[in-house]
Amino acid sequence: MGFEGRTTRAAVMYGVNEPLAVEEIEIAEPGPGEVMVKLAASSVCHSDLHALDGGWPPQVPIVLGHEGAGTIEAVGPGVTRHAAGDPVSLSWTPGCERCRFCLTGRPNLCERMMETTGSNVMVDGTTRMRKGAQEIYTYMGTGSFSEYTVVPETGAVPIPAGSPMDVAAVVGCAVTTGFGAATKTARIRAGDTAVVIGLGGVGLSVILGCVAQSAGMVIAVDVHEDKLVTAKHFGATHVVKARETDPVAAVAELTGGRGADFAFEAIGLKATIEQAIGMLGPRGTAVLVGMPPSGVAFEADPTMVALTELRIVGSNYGSANPPVDFPRILGLAQSGRLDLASLITRRIALDDINEAFEHMKRGEGIRTVISHG
């Protein structure tokens with residue numbers, strides 16, 4: 001491993017609420033157990049916005065981005081599972097393959113995650129990007145807003161040949177998080193009533209998961225009319241425009257007072273988390289999928305939780321095992337059973353990254369994908 005003159009154009013964050021600087025920086029060759037990926041596409045996620053607006057303030061300077069797909073450019077010593085040219089999607093949970101969670105198929109809960117993804121560094125605690133003498137971190141250990149990035153070999157997941165790279169990028173976080181929340185965390189059953197609050201890329205992917213599991217009533221909740229229309233396209237049976245009506249009361253009316261079996265919160269706001277709990281019927285489950293800024297807490301009536309046997313569960317990365325789930329989801333898309341392409345509503349060049357965040361702040365569109373080259 002070493003810096004040997006290779007460079008990459010990347011979007012670098014230097015401070016909270018400052019525009020990202022698209023510039024040329026140095027990138028090291030991959031070290032032992034690492035691979036370099038040439039990015040073809042990278043999607044813009046709300047988690048990136050949490051970093052940029054200070055909700056999750058990272059070390060700076062840092063290259064943002066964690067939803068990416070491309071091809072293996074080079075492999076480090078000891079890497080045998082990848083070869084140059086292999087198509088891959090990036091995973092921000094590069095399991096250690098040694099801890100109890102990794103060994104039981106739950107690398108999303110890897111015991112070393114806070115040392116790597118949570119610290120925006122590689123397994124050895126250092127980074128692979130720099131500008132002059134300045135070390136540059138990679139967001140969630142990924143740094144996909146760049147032409148090239150270096151990740152642990154377990155952070156590059158082989159995907160089926162012919163997978164569209166823009167779709168594979170979105171599968172790297174939003175789709176897996178939402179689809180997995182319905183199919184793996186909640187394990188929706190045929191005929192269940194489900195509510196999905198927040199219809200960004202994650203929330204719409206929850207709907208896709210509910211439909212794939214043959215849920216009965218799927219109620220989509222959002223404040224934006226265009227997203228409610230998209231939710232119907234993806235299989236929602238009912239929609240609630242939360243700007244115009246009380247969504248808790250609306251769900252009670254739609255379910256004949258029974259409440260929902262599952263309510264998925266896909267935004268990460270105190271108010272909507274509490275609404276999700278309020279929408280549940282007896283033995284219902286609130287699934288917390290959205291990631292709030294640091295310090296957010298919610299309230300629930302413990303007496304009602306106990307009396308009606310409610311469940312409040314978290315869903316991290318859709319309870320995913322990326323090496324298994326990425327190819328599975330992309331296979332469903334290739335067979336026409338999942339319309340993932342419709343999640344992508346804007347395609348941009350890397351130079352337009354700051355504009356993408358402005359669209360996100362205004363709630364416009366679903367997923368913006370950067371085309372690298």
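Because only heavy atoms are used, hydrogens play no part in the values below, and waters and symmetry mates are left out as well, while side chains stay in. Nothing fancy with the numbering, it's 1 onward along the sequence.
Between E23 and K131 there is a salt bridge, since a side-chain N of the basic residue sits under 4.0 Å from a carboxylate O of the acidic one. Using a 4.0 Å cut-off between charged nitrogen and carboxylate oxygen, E153 and R81 count as a salt-bridge pair. Ion pairing between a basic and an acidic side chain is recognised when a charged N comes within 4.0 Å of a carboxylate O; E111 and R100 show such pairing. The pair R6-E73 counts as a salt bridge, with a side-chain nitrogen and a carboxylate oxygen less than 4.0 angstrom apart. No salt bridge links R128 with E29; every basic N to acidic carboxylate O contact stays at or beyond 4.0 Å.
When the options D325, T176, N321 are evaluated for a side chain to side chain donor-acceptor pair (under 3.5 Å) with K184, the one that passes is D325. Checking each of T8, I136, T127, T138 against I27 for a side chain to side chain contact (heavy atoms under 4.5 Å, CB included) leaves exactly one that passes, namely T8.
Transitive grouping of hydrophobic side chains (ILVMFWY, heavy atoms separated by less than 4.5 Å) keeps V37 and L64 in distinct clusters. Taken together through direct or relayed side-chain contacts under 4.5 Å among Ile, Leu, Val, Met, Phe, Trp and Tyr, V195 and V202 form parts of separate hydrophobic clusters. No continuous path of hydrophobic side-chain contacts links M279 to V289 [ILVMFWY only; heavy atoms under 4.5 Å].
A side-chain donor-acceptor contact under 3.5 Å links N354 to the backbone of L20. Between the side chain of T285 and the main chain of F262, no donor-acceptor pair closer than 3.5 Å is present.
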Verify side-chain contact (heavy atoms from CB on, under 4.5 Å) between Y14 and V60, making sure each step is shown before the conclusion.
CA-CA 5 Å; Y14 284 98; V60 292; 5.6 Å; no
R9 vs E24, salt bridge (charged side-chain N to carboxylate O under 4.0 Å, His left out): CA-CA, chis, key distance, verdict:
CA-CA 4 Å; R9 290 184 75 247; E24 192 169 273; over 6 Å; no
Please lay out, stage by stage, how L39 and F145 fare under the test side-chain contact (heavy atoms from CB on, under 4.5 Å).
CA-CA 9 Å; L39 276 301; F145 292 172; over 6 Å; no
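The aromatic rings of Y317 and W92 sit parallel to each other, their planes meeting at less than 30°, with 60° as the upper class boundary.
A donor-acceptor pair shorter than 3.5 Å can be found between the side chains of T272 and E265. Side-chain atoms of R367 and S43 form a donor-acceptor pair, as typed in the model, at a separation below 3.5 Å.
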